Amino acid sequence: MNNHQKWQKVMDTLAPLVTVRWAFAFALLLLYALRVFLAKGFYIITYGLGIFLLNLFISFLSPQTDPDLEEDADQVLPTRSDDEFRPFVRKLPEFKFWYSTCKALLVAMLLTTSRAFDVPVFWPILLFYFILLFVLTMKKRIQHMIRHKYVPVTRAKPKVVARVPEGKEFERKMFAGIPD
């Protein structure tokens, strides 16, 4: 078994373990934050990491086909409850989001081992600009979600609820044993 096959086996094993994977990513993020805090530097690396993670997050929230860019936008996302169920298909799947996040965190940690990447900057400006960029980007993404009536979180196919035709309520209650 070569290294690629071993790595693929590990990734296949981790695929269904969503909580474990994200706990690992969060631990990497905490290690990175501790590294930056103790080094009192590497703010440019942190800013670049933040922008990259924001870009990944936006791709994760976005539909695979953007209704604004599609000519036949009605066919992209269901807009009424009686439309055919179509699950939300992401531009960036959750597993790739996690994998790219972990790779980015590891690369950022590697970059913090060399003082060549510790460019002196006034970090409050970077923080302010990142927060501003995050708020404006998320506002735009949420407006897009509202305009096209989609929610990027789907757990399962919605349950079908039988409709009772008008005037049949009495019969339904009688056969179901429901008292008046």
Side-chain angles (χ1 to χ4, degrees), residues 1-70 72-73 75-78 83-119 126-127 130-131 133-135 137-138 140-142 144-145 148-160:
M1 197 180 237
N2 63 22
N3 287 339
H4 177 70
Q5 288 174 331
K6 288 178 186 177
W7 182 252
Q8 189 61 47
K9 184 172 172 65
V10 169
M11 291 295 109
D12 291 343
T13 304
L14 286 174
L17 306 173
V18 177
T19 307
V20 173
R21 287 189 286 118
W22 284 103
F24 176 72
F26 187 70
L28 281 177
L29 182 65
L30 288 178
L31 281 173
Y32 177 77
L34 181 65
R35 170 78 180 124
V36 169
F37 177 75
L38 293 177
K40 292 183 178 42
F42 300 105
Y43 302 120
I44 287 289
I45 302 295
T46 304
Y47 178 73
L49 175 66
I51 295 296
F52 182 75
L53 293 179
L54 178 61
N55 187 28
L56 287 177
F57 185 61
I58 294 302
S59 293
F60 176 70
L61 290 178
S62 301
Q64 189 173 29
T65 54
D66 191 353
D68 287 338
L69 303 176
E70 290 292 315
D72 193 11
Q75 298 298 320
V76 178
L77 298 169
D83 278 353
E84 177 185 343
F85 173 74
R86 284 173 273 168
F88 182 79
V89 180
R90 301 175 188 286
K91 187 183 287 187
L92 180 68
E94 183 269 336
F95 185 82
K96 288 184 179 179
F97 178 36
W98 168 79
Y99 188 65
S100 297
T101 299
C102 289
K103 284 194 309 188
L105 285 165
L106 290 171
V107 167
M109 277 193 222
L110 181 67
L111 292 175
T112 61
T113 60
S114 171
R115 282 287 170 191
F117 298 108
D118 190 11
V119 179
L126 288 179
L127 180 63
F130 177 78
I131 291 170
L133 190 63
F134 178 80
V135 168
T137 307
M138 290 308 296
K140 184 177 176 184
R141 180 56 37 198
I142 291 169
H144 188 269
M145 290 177 198
H148 294 289
K149 299 179 180 112
Y150 70 91
V151 178
V153 179
T154 54
R155 290 285 180 195
K157 185 176 177 178
K159 294 181 181 171
V160 177

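We number each residue from 1, following the sequence as shown. The structure displayed is predicted, hence computed values, not measured ones. Side chains included, hydrogens not; waters and symmetry mates left out as well; all remaining heavy atoms used.
- Under the 4.5 Å side-chain criterion, counting only non-hydrogen atoms from C-beta, Ile45 is not in contact with Val36.
- The aromatic rings of Phe95 and Trp98 sit tilted relative to each other, their planes meeting at an angle between 30° and 60°.
- Within 6.0 Å of atom CZ in Phe134, 12 or fewer heavy atoms from other residues, nucleotides or ligands are found, so the atom counts as exposed in its surroundings.
- Ser62 approaches Ile58 most closely through the heavy-atom pair OG-O, 2.6 Å.
- For the side chain to side chain donor-acceptor pair (under 3.5 Å) condition, the pairs that include at least one residue of residues 22-45, sequence neighbours left out, are Trp22-Glu94, Tyr32-Thr46, Arg35-Thr112.
- Across Phe24 and Cys102, no two heavy atoms sit closer than the pair CD2-SG, 3.9 Å.
- In this structure, Ser100 and Phe52 approach most closely via the heavy-atom pair O-CE2, 4.0 Å.
- Of the inter-residue distances, the one linking Leu29 atom CG with Leu34 atom CG reads 11.5 Å to the nearest 0.5 angstrom.
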The test is side chain to side chain contact (heavy atoms under 4.5 Å, CB included); show your working for Phe60 and Leu56 and say whether it passes.
CA-CA 6 Å; Phe60 176 70; Leu56 287 177; over 6 Å; no

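- Once rounded to the nearest 0.5 Å, the distance linking CG of Asn3 with NZ of Lys6 reads 5.5 Å.
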Derivation of the side chain to side chain contact (heavy atoms under 4.5 Å, CB included) call for Leu126 and Ile44:
CA-CA 8 Å; Leu126 288 179; Ile44 287 289; 3.9 Å; yes

Applying side chain to side chain contact (heavy atoms under 4.5 Å, CB included), run through Gln8 and Asp12 and close with a yes or a no.
CA-CA 6 Å; Gln8 189 61 47; Asp12 291 343; 2.9 Å; yes

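- Applying the side chain to side chain donor-acceptor pair (under 3.5 Å) criterion to Asp118, with sequence neighbours excluded, gives Arg115.
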When you look at Tyr99 and Met11, which way does the side chain to side chain contact (heavy atoms under 4.5 Å, CB included) test go after all the steps?
CA-CA 9 Å; Tyr99 188 65; Met11 291 295 109; 3.8 Å; yes

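- Between Met109 and Leu28, the closest heavy-atom pair is CE-O, 3.1 Å.
- Within a 6.0 Å radius of CZ in Phe57, other residues, nucleotides and ligands contribute 12 heavy atoms or fewer.
- The two residues Ala108 and Leu49 come nearest to each other via the heavy atoms CB-CD2, 4.1 Å.
- The two residues Phe42 and Leu111 have their closest heavy-atom pair at CE2-O, 3.9 Å.
- Leu110 contributes atom CG, which lies 12.5 Å from atom CG of Leu105 (distance to the nearest 0.5 angstrom).
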